[in-house]
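Only one structure is covered here, and it is reproduced in the block below.
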Protein chains: 2
Amino acid sequence: MAAPKDPRPCSIADTLAVVGEKYSLLVLREVCLGNGRFDQLVRNIGAPRDILAARLRRLVEAGVLTKRAYSEHPQRFDYRPTAAGLELEPVLMALKEWGDRHLRHNTDLPMAMEHSCGHELVPVVTCRACGSPVHHDDLTAHPQTPGWTVRGPAATS
Amino acid sequence: MAAPKDPRPCSIADTLAVVGEKYSLLVLREVCLGNGRFDQLVRNIGAPRDILAARLRRLVEAGVLTKRAYSEHPQRFDYRPTAAGLELEPVLMALKEWGDRHLRHNTDLPMAMEHSCGHELVPVVTCRACGSPVHHDDLTAHPQTPGWTVRGPAATS
DNA sequence: GGAGGTGGGTTTGATTTTCCAACTCACAGG
DNA sequence: CCTGTGAGTTGGAAAATCAAACCCACCTCC
């Protein structure tokens with residue numbers, strides 16, 4: 001039934017609809033670092049204030065962030081990650097790791113992330129079942145949406 | 001040093017400058033699935049053709065994809081991931097996992113990814129040094145760029 | 001009690017992107 | 001010759017982004 005023009009139903013696309021707009025993941029980065037105030041976010045991200053306000057509204061409504069008053073009189077707010085927001089950290093780690101490896105050759109040193117085991121964190125994606133690092137060739141995709149194959153929409157009559 | 005308005009130097013931001021525009025990661029998804037032809041990408045992603053063309057140029061120039069002629073006469077091309085492109089798959093896996101868990105409650109079944117160990121893939125980010133799954137509280141950030149702290153730009157004189 | 005500063009935004013208007021449909025060009029098949 | 005396919009490009013309307021200015025409640029300093 002997949003009408004012409006419907007894209008592939010996909011959790012990647014759905015997740016990007018939530019956090020894929022410009023600056024959204026940088027907001028999450030700062031908030032995970034503990035920098036949840038509006039002006040900190042503006043400075044550290046470099047986003048226009050109006051856009052940032054829009055992103056914050058969206059992320060709160062999506063359940064990724066919560067807005068909390070850290071002071072009444074004067075009313076002052078900050079933003080903190082929800083449990084769901086913290087579960088997006090693997091996305092940040094994967095992006096950081098790629099950038100560290102491929103982009104950071106002529107620039108400053110990357111931000112160091114120290115793991116509680118005492119070593120510098122190098123994130124590795126592993127298979128929960130067998131524990132081994134996941135390699136592209138080890139994967140086989142099986143679409144489960146009727147009307148869709150790996151290649152695209154099933155041939156329509 | 002850290003002039004007003006300079007954002008935090010960061011590999012996450014740098015990586016997003018390469019693959020963070022709308023549709024770029026969906027292009028990578030399709031290309032990793034083996035769907036590298038222009039019309040397949042248009043159908044499966046649902047992107048406007050002109051935007052898609054722009055994204056493909058950018059991803060090729062950034063070294064994430066290669067453009068290859070799979071036929072001369074008529075000239076026909078497809079796009080495939082480079083080694084660097086394949087290394088972005090952890091980002092896709094992390095996005096997919098989050099969407100599967102948080103967004104896919106009233107919708108179709110998610111795409112199943114079968115790992116070569118025989119089980120359904122559930123990606124887990126682990127620390128390469130100690131092998132244990134990474135949890136937010138186990139991390140401590142140490143900026144290494146002069147003029148920057150975790151909180152933001154260092155107090156200027 | 002006025003002057004200035006801070007935090008958390010909103011408003012305004014110019015600039016950029018995105019979107020969509022239509023178009024092109026080269027070839028292939030019947 | 002007529003139609004179809006693959007891989008885009010073109011043109012103009014609609015939407016998002018940008019930068020800077022503005023706002024308002026409160027606080028501190030003098």
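A, B, ... follow the sequence lines: proteins, then strands. Residue 1 opens every chain. These numbers come from a predicted model, not from an experiment.
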- Query: What does nucleotides 21-28 of chain D look like as a protein-contact string, B for base, S for sugar-phosphate only, - for none, at under 4.0 angstrom between heavy atoms?
  - Reply: B---BSS-
- Message: Using a 4.0 Å cut-off on heavy atoms, which residues in residues 52-64 of chain B reach DNA chain D? List them by number, or say none.
- Response: A53(B), R57(B)
- Message: Under a 3.5 Å threshold, yes or no: a donor from one side chain and an acceptor from the other, between Y79(B) and R37(B)?
- Response: no
- Query: Any idea which of dT17(D), dG8(D), dT18(C) is nearest the K67(B) side chain?
  - Reply: dG8(D)
- Write down the distance between CD1 (I45(A)) and C1' (dA19(D)), rounded to a whole number of angstrom. 17 Å
- Result of checking R104(B), R101(B), K96(B) against D14(A) for salt bridge (Lys or Arg N to Asp or Glu O under 4.0 Å): R104(B)
- Query: M113(A): which other cluster members, linking ILVMFWY side chains closer than 4.5 Å, directly or transitively?
  - Reply: L33(A), M93(A), M111(A), L121(A), V125(A), V134(A), L139(A), V150(A), L33(B), M93(B), M111(B), M113(B), L121(B), V125(B), V134(B), L139(B), V150(B)
- Tell me: CZ of F77(A) to P of dG9(C), nearest whole Å? 6 Å
- Query: Taking W98(A) for the side chain and A84(B) for the main chain, is one N or O donor matched with an acceptor at less than 3.5 Å?
  - Reply: yes
- Query: Should K22(A) and E21(B) count as an ion pair when the cut-off is N to O under 4.0 Å?
  - Reply: no
- Exam field: side chain T82(B) to backbone T66(B), donor-acceptor pair closer than 3.5 Å: no
- Task: Give a yes/no answer on whether the side chain of Y79(A) brings an N or O atom under 4.0 Å of OP1 or OP2 in dG7(C).
- Result: no
- Heavy-atom donor-acceptor pair, T149(A) side chain to G152(A) backbone, under 3.5 Å: yes
- Message: Which Ile, Leu, Val, Met, Phe, Trp or Tyr residues join L109(A) in one cluster when any pair of side-chain heavy atoms under 4.5 Å counts as a link?
- Response: none
- Applying salt bridge (Lys or Arg N to Asp or Glu O under 4.0 Å), which residue pairs with at least one partner in residues 119-145 of chain A are found, sequence neighbours left out? none
- Check each residue of residues 15-41 of chain B for a non-hydrogen atom within less than 4.0 Å of any atom in DNA chain C, then write out the ones that pass by number, or none. K22(B), Y23(B)
- Is L52(A) reachable from F77(A) through a run of hydrophobic residues whose side-chain heavy atoms are each under 4.5 Å from the next? no
- Task: May I ask you to say whether R43(B) pairs ionically with D6(A), meaning some side-chain N is under 4.0 Å from a carboxylate O?
- Result: no
- Note on the structure: note: I51(B), atom CD1; dC20(C), atom P; distance rounded to Å ~ 10 Å
- Message: Without decimals, in angstroms, what is the distance between L65(A) CG and dG8(C) P?
- Response: 14 Å
